[in-house]
Amino acid sequence: MSDSLYQEIILDHYKYPHGRGLREPFQAEAHHVNPTCGDEITVRVAVDGGTLTDVSYDGQGCSISQASASVLHDLLSGQGVDDAFEVERAFVELMQGKGEVEPDEDVLGDGIAFAGVAKYPARVKCALLSWMAFKDAASRALATEGEVTR
Amino acid sequence: MSDSLYQEIILDHYKYPHGRGLREPFQAEAHHVNPTCGDEITVRVAVDGGTLTDVSYDGQGCSISQASASVLHDLLSGQGVDDAFEVERAFVELMQGKGEVEPDEDVLGDGIAFAGVAKYPARVKCALLSWMAFKDAASRALATEGEVTR
Amino acid sequence: MANDLTSPLDVDRIRKDFPILDRRLAGDHALAYLDSANTSQKPQAVIDALTEHYARHNANVARAVHQLGEESTAAYEGARDRIAAFVGAASRDEIVFAKNASEALNLVANTLASGLADDPRYRLGPGDEIVISEMEHHSNIVPWQLAARRTGATLRWFGLTDDGRLDLSTIDELINPRTKIISVVHQSNILGTVNDLAPIVARAHEVGALVMADASQSVPHMPVDVAALGVDLLAFTGHKMCGPTGVGVLWGRGAVLDALPPFLGGGEMIETVSMEGSTFAAVPHKFEAGTPPIAQVVGLGAAVDYLTGLDMAKVYAHERELTGYALQRFAGVDGVTIIGPDTPEGRGGTISFTVDGVHPHDVGQVLDEQGVAVRVGHHCARPVCVRYGIPATTRASFYLYTTTDEIDALADGLERVKRFFR
Amino acid sequence: MANDLTSPLDVDRIRKDFPILDRRLAGDHALAYLDSANTSQKPQAVIDALTEHYARHNANVARAVHQLGEESTAAYEGARDRIAAFVGAASRDEIVFAKNASEALNLVANTLASGLADDPRYRLGPGDEIVISEMEHHSNIVPWQLAARRTGATLRWFGLTDDGRLDLSTIDELINPRTKIISVVHQSNILGTVNDLAPIVARAHEVGALVMADASQSVPHMPVDVAALGVDLLAFTGHKMCGPTGVGVLWGRGAVLDALPPFLGGGEMIETVSMEGSTFAAVPHKFEAGTPPIAQVVGLGAAVDYLTGLDMAKVYAHERELTGYALQRFAGVDGVTIIGPDTPEGRGGTISFTVDGVHPHDVGQVLDEQGVAVRVGHHCARPVCVRYGIPATTRASFYLYTTTDEIDALADGLERVKRFFR
Ligand SMILES: Cc1ncc(COP(=O)(O)O)c(C=O)c1O
Ligand SMILES: Cc1ncc(COP(=O)(O)O)c(C=O)c1O
């Protein structure tokens, strides 16, 4: 049951999230809400010389939205900014692909476990919630890089 | 063809209307419009000591609305007020009877020719236009009886 | 099926009237549709009325002298008669057709806010107060927030008690001579609570305020008589009562509807139009601008016939039985907490709950994979979630075709949910 | 049938798609339905789409994680994609579903009048001007009269030439820097005139005004591309284009829709709601309060598929042929005067006329008794009747299923009308 949607990897990230909690320093923060289900996420981005030194987050919501934030942290923390945006694009593409996009494990790591979610339109928003917040925060962080908020 | 709706009597009244034209004196006047088709009628009522001394009218519209005004004039001019309202009630009842009310020729005279119209809901309004204007004008005339408008 | 209940409805027979209840879902699961508060399913009689209308009688209404136009007008206006009778309206002219309940609620909020009424009692302005409650559907919150913002009136509300009921303790202060209108839900779509409107109506009429009831969740499920309720205005929606989407109803006392200025302009809502200015038709047409939802009204008429044929008192009794059964059944599922009244008194067959440690989205998804269709989220009543400190709920809602088997499938499914996420 | 025309449509085959065209009327007359400008008939494909939706996929949209909810949402949003493509919208988010064209027009008038927009270009006030025309449908007059009354803005209009066209001679004065919006009809529902919107769009954009087109009578009958028209907003209605009643469409440029404040409040038009205040969803959902006309949108999607399958260019060509034929045919009927352009250039297949000495009501009635269904009255465009000094007209209007036989039946019927009343 639930094979396609609830992969073991997703349940693992949900039960044992990686890198959860909001940390300092950070340049920008974004808070996103999914109005249909009340899921919320706050993502903070710290950039230093073209590298995402930390992507921290906190939130509440369903297994998909929370596991996706945990995977986001794993994939993007410590990455170069350009690489990070490439991963972000690949994840969004996978999620919007209606289950017809073949995910690249080299780029997406544990993110490939979300391939099945793309077949459930109502849940795609859950999976994307933290990624949208990240994109928002990261764009603003890049615009203000240098002014570290403590 | 058209037997039920367009009785000879109706066509006669339409082609050769009785008592058409607005006359003085009168106590009250009412102008009614059928918004769906643009038919209009003005009815004037002159009352003297409980008698409708004249019911005059002018208007434009379809054969049903114009013939009905002509019949109205014939039936009500010179009548006692109470008798006139009785005729009015009988005509309205006939029109709203969906073709199931048996008209009384003693009361309605040529008005019985409109019995078939009652089966055409879209035309009932046409047949009633002058009668509604009459009712309106007559009620006001009775309220102001005495103050003759010249 | 419903045999273990003392339900007065023959549910097995009724289910045959609803073609969708035979649907097999993915994985060849049977459908247990427990989302009727969201939208109800449609009996064949309603589907047939739509088909028959489009295939044999379709024409615009009120405008045509031709035969199809007369048939279509007779069907449309005939439905108005039956819908008026269904809620005990004093006159057919008190029934206005809207596109849904939301439009009906907005119609009242907007016309009061427009400032175009002749009578000042029907004009909102600074200093005036509007009263709603914390258990309203967004469709009975946002229109009043917008009206308050436009006019400078103040929006106030009844709070909720811990057990999911309106807190009427402050009623005499909350409803006061500054109050112009109170708009409250008759049966909550999230808590299931049925509100006794009598004290609100009594206090409102003492201070000269109007009362509007949002009856979207009551008219489908119990006999509702507008005269007995004593309210001035009432809204409900076709798609939750076996009717088509695309049609809602505003009922209003004749004098109140007469006093409200027009809402949308155009089409047949006029008496006469010139470029310089226009005059308006009498109610209900004053509020029905443009081509109305003709086929949908005809379909709603068929739905009302269907419900009347079953007898609303029996529908209500059936749902009470189901509610009692479900509350008992859930009490036996560990970790499930009911949000709202947990006894069958003063509530309908809509039950919201949380499952310890599992997000409603995940509850709903796993249930769906077993063919059990429930709704998850804030159910367009986010303030209720905020009030009870939860992000969302899972909600099961019943109707005349619901069986205890389906409630059992839900309870069993919840055990599975817990095993899966723990 | 249409054999004597060079029509590119196989009308005989098309007629088999419309079950109502087989109707026998009272007196066993065949139906000649010449009232499609009032509402069109529905092909079986649209009726089937409705039945299929209610019988197999019915659920509320955007709210459910269950399978029926996903199917219903996919059908609803999928129709939005196809309808967007049908009118050449840049994005699916530019398509807002309303209950009819009248609501779409009112939406724009009301949101501009509400004063709630952030950008002052989207707020009407004293000194601002609104421009319409004398050939508008009441649904594109009354909303602007109400908006002007509410805001103190001034309503102005294009007059008409004697041959039934917009009088653009004063365009540079009429559209001036005080003008905030021009809302004009693309094809007149009474005169049949097709307006060239290019000079209006050019002048409007010179002075920074918005242009809205009422395309209720053009989208059903010709290929319409919003980008090519250059307008900012456009309204049309489902029931005139083979779709169900109860659904209309507002198209708007993304930036324009974004700038307009919300219209009706409730349901899914929100981002987040608290008792103290709410924020709103992005377009198109911002304008879709409450349960939308789900099945009707699905039906309209099927209608658009049907029309696309036939090819709108061919539909247009067919109607041009019919119009030419009809104008010629009427020219031969003594005492018949066309109200509106009397040549096929710059007009569609909607022909209004008067018959000397016979009131339109009587014309329509006698035609009906021969099975010929036309509309009589002012066609919700009373100012046109006033302009041409007539109380009403008789109107014949054609569509893709209309044949020259039906036009012949009309012409023969008119001879009979004259014999009867003279
Ligand atoms: C030109 C025009 N505009 C607007 C409308 C209004 O459309 P609806 O009645 O569907 O709102 C119509 C049709 O009635 C029309 O012909
Ligand atoms: C209590 C309540 N009010 C209003 C509404 C709005 O109804 P609709 O979506 O048909 O406008 C609903 C349902 O969604 C409801 O449950």
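Each chain gets a letter, A, B and so on, in the order its sequence line appears, and its residues count up from 1. We use all heavy atoms of the structure for the numbers below, so side chains are in, but hydrogens, waters and symmetry mates are not.
- Side-chain contact, D:T161 with D:D167: no donor N or O sits under 3.5 Å from an acceptor N or O.
- For the residue pair B:Y6 and D:D362, a side-chain donor N or O sits within less than 3.5 Å of a side-chain acceptor on the partner.
- Taking a cutoff of 4.0 Å between a charged side-chain nitrogen and a carboxylate oxygen, B:R23 and B:D58 do not qualify as a salt bridge.
- Taking the ring centroids of D:H137 and D:H379, they lie at or beyond the 6.0 Å cut-off.
- Using modelled atom types, one finds a donor on one side chain and an acceptor on the other under 3.5 Å when comparing D:S36 with D:Y401.
- Side-chain atoms of B:D136 and B:H32 form a donor-acceptor pair, as typed in the model, at a separation below 3.5 Å.
- Of all residues spanning residues 11-21 of chain B, those with a heavy atom less than 4.5 Å away from chain D's heavy atoms are B:L11, B:Y14, B:K15, arranged by number.
- For D:P391, the parts lying under 4.5 angstrom from a heavy atom of chain B are both the backbone and the side chain.
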